[in-house]
Amino acid sequence: MKGTNIMEELNDILVQRRAKMEDLRSEGVNPYANDFPVQHTSADIADAHENDDSAVLEGCTAKYVVAGRIMARRDFGKAAFIQIQDRKGRLQVYVGRDNVGEGAFAIFRKLDLGDIVGLSGTPFRTKTGELSLRADSIRLLTKSLQVMPEKWHGLTDVETRYRQRYLDMIVNPGVREIFLKRSRIISLIRNFMVDHDFLEVETPMMQPIAGGATAKPFITHHNTLKMDLFLRIAPELYLKRLVVGGFDRVFEINRNFRNEGISIQHNPEFTMMEFYRAYATYHDLMDFTEELICHVAKEVVGGQVIPYGGKEVDLTAPWDRLTVKEAIVKYGEIEPAVLEDRASALTYAESLGLELDQNIGYGKLLTELFDAVAEPKLWNPTFITEYPTEVSPLSRKNEQHPELVDRFELFMVGRELANAFSELNDPMDQKERFLKQLEEKEAGDEEAHAMDEDYIRALEYGMPPTAGEGIGIDRLVMLLTDSASIRDVILFPQLRPESR
RNA sequence: GAGCCGGUAGCUCAGUCGGUAGAGCAUCUGACUUUUAAUCAGAUGGUCGUGGGUUCGAUCCCCCCCCGGCUCACCA
């Protein structure tokens with residue numbers, strides 16, 4: 001039988017809800033009304049009357065028209081207290097038969113937790129002192145056919161929270177807070193950049209060559225062009241083309257996609273801000289980054305010492321600055337000489353239990369050591385400089401030490417938050433670096449950088465000396481919202497499809 | 001990709017040393033016009049993640065698979 005009734009698959013509560021909705025319809029109540037002009041929020045009432053005592057409110061004739069979802073309900077036969085939730089918070093409403101009328105009250109009695117109502121009323125204080133609204137009218141605006149999670153324990157199952165984020169947002173106020181903060185953080189960053197005369201731009205998400213970083217890309221296909229495209233792993237090469245074109249202070253806040261593992265700090269799509277500033281060096285960007293993040297933290301968290309993971313992070317400037325080697329020496333508690341030649345560094349790495357290719361380059365070896373020994377211990381913000389040229393195909397070489405590049409990464413709470421360098425603008429050098437990367441690709445490194453001929457051509461027209469940086473926005477939001485997992489700061493984190 | 005842990009009512013959880021399951025909240029019926037997890041009386045609700053095996057009998061033991069979490073690997 002084709003038309004198996006879906007009702008048969010529903011539990012009793014869901015069947016009841018649907019039946020109630022039909023009842024309401026038959027009584028002439030539209031369960032999906034669309035004609036209620038809301039005039040106030042819960043916050044308007046709180047803001048206006050939080051300091052009024054019951055005597056003052058007794059004479060108050062102000063009328064408020066609000067709407068929201070019923071989150072709690074305490075019935076007393078001919079009256080009830082409900083709590084409604086709107087975008088600003090919760091409001092207690094006293095609904096009495098004598099105030100709203102017998103007909104409206106009879107319908108109100110049939111409403112469920114989760115239903116959305118519109119109502120009007122005047123403020124008063126209850127016997128226990130809670131600022132509330134005494135409804136003089138109430139009506140159903142939207143029927144909820146699903147059941148709200150438990151009022152006390154709420155929704156804690158992480159899988160359901162991520163899959164049904166809407167429900168998570170309804171019942172977990174902390175989740176709302178995080179995403180309100182996320183929005184605020186991004187606004188603050190955007191305003192800061194614009195105030196410093198940066199121009200916001202949008203560059204391709206679908207790219208014929210996935211450049212600007214070393215990572216495995218997602219592949220997609222354009223039917224009409226009959227060509228594969230890559231979802232971008234970074235906007236870098238396009239933004240630098242804009243610097244060549246004369247937009248010499250640009251930034252972009254947008255998604256990158258990397259086809260790699262998922263973890264507590266990695267989502268396949270993540271938000272990054274990249275910015276480029278001509279006539280600046282990576283030293284300038286260290287100061288700029290300090291200023292930017294301190295500013296955002298002050299606005300969002302209220303200070304420079306912020307809670308994270310049960311501890312505190314001190315963002316007070318100036319931040320520590322160490323070279324890669326200094327950091328390994330400091331946190332590995334070794335003699336500097338150990339790192340001065342490849343062989344002794346490799347012996348040291350093996351003593352730590354690192355499994356490395358015997359042919360690993362000296363530069364790569366140093367960064368492996370740094371990741372193992374120093375990164376997890378960098379709690380307060382620290383700039384790390386003097387990265388090997390070998391692992392930095394797009395960075396400008398240091399003029400005194402060409403085996404190093406003018407680059408820093410910023411670390412906090414044991415993880416990388418930003419990566420910046422003085423840009424390589426010598427097209428010949430750039431071409432050689434790309435060729436070197438191609439060799440590595442042929443040697444089996446899937447993530448080696450691809451050759452981008454047009455980018456070389458752009459550099460040949462001349463790119464002014466420029467410094468550029470990428471800041472991981474999700475990780476910054478994690479830090480400023482004291483979130484342990486990147487999934488807690490991404491509205492819809494990537495999950496496998498729900499099995500049915 | 002590997003290891004460990006988990007999946008029982010709408011939600012939060014307990015439980016069965018193998019004899020087909022309980023609580024609280026929610027829901028339903030009734031009482032109640034100032035409650036704050038309201039209260040009181042009664043009631044309903046489950047293919048115990050999926051499939052297979054062992055067994056007289058499996059939600060429980062074994063195996064495969066699915067989904068999630070954490071750790072590691074890769075990376076930002």
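Being a predicted model, the structure only gives us computed values, none of them experimental.
Counting any heavy atom pair closer than 4.0 Å across all strands shown, A/Arg496 reaches sugar-phosphate atoms only and no base atom. Within the nucleic acid shown, A/Lys78 comes within 4.0 Å of at least one base atom, counting heavy atoms only. Nucleic acid contact class of A/Glu130 (heavy atoms, under 4.0 Å, all strands): base. Heavy atoms of A/Arg161 sit nowhere under 4.0 angstrom from any nucleic acid atom. Across all strands shown, A/Leu155 has heavy atoms under 4.0 Å from sugar-phosphate atoms exclusively, and none from any base.
Using cut-offs of 30° and 60° for the angle between ring planes, the A/Phe192 and A/His295 rings count as tilted.
A donor-acceptor pair shorter than 3.5 Å can be found between the side chains of A/Thr203 and A/Arg232.
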Please tabulate the protein-to-nucleotide N/O contacts below 3.5 Å involving nucleotides 40-49 of chain B, giving atom names and distances.
| residue | atom | partner | partner atom | Å |
| --- | --- | --- | --- | --- |
| B/U44 | O2' | A/Asp12 | OD2 | 3.3 |

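Stacking between A/Phe81 and the base of B/A38 is absent under the criterion of ring centres within 5.5 Å and planes under 30 degrees.
The base of B/U35 lies close enough to the side chain of A/Thr126 for a donor and an acceptor atom to sit less than 3.5 Å apart. With hydrogens and angles left out, the side chain of A/Arg134 and the base of B/U34 share a donor-acceptor pair within 3.5 Å.
Map A/Asp75 and A/Gly154 each onto its nearest nucleotide of RNA chain B; the residue landing nearer the 5' end is A/Gly154.
Of the nucleotides present, none pairs with B/G18 by Watson-Crick or G-U wobble criteria with both distances under 3.5 Å.
Geometrically, A/Arg73 engages A/Phe108 in a cation-pi contact defined by less than 6.0 Å to the ring centre and at most 45° from the axis.
Here the side chains of A/Glu375 and A/Tyr331 are not in contact, with every heavy-atom distance at 4.5 Å or above.
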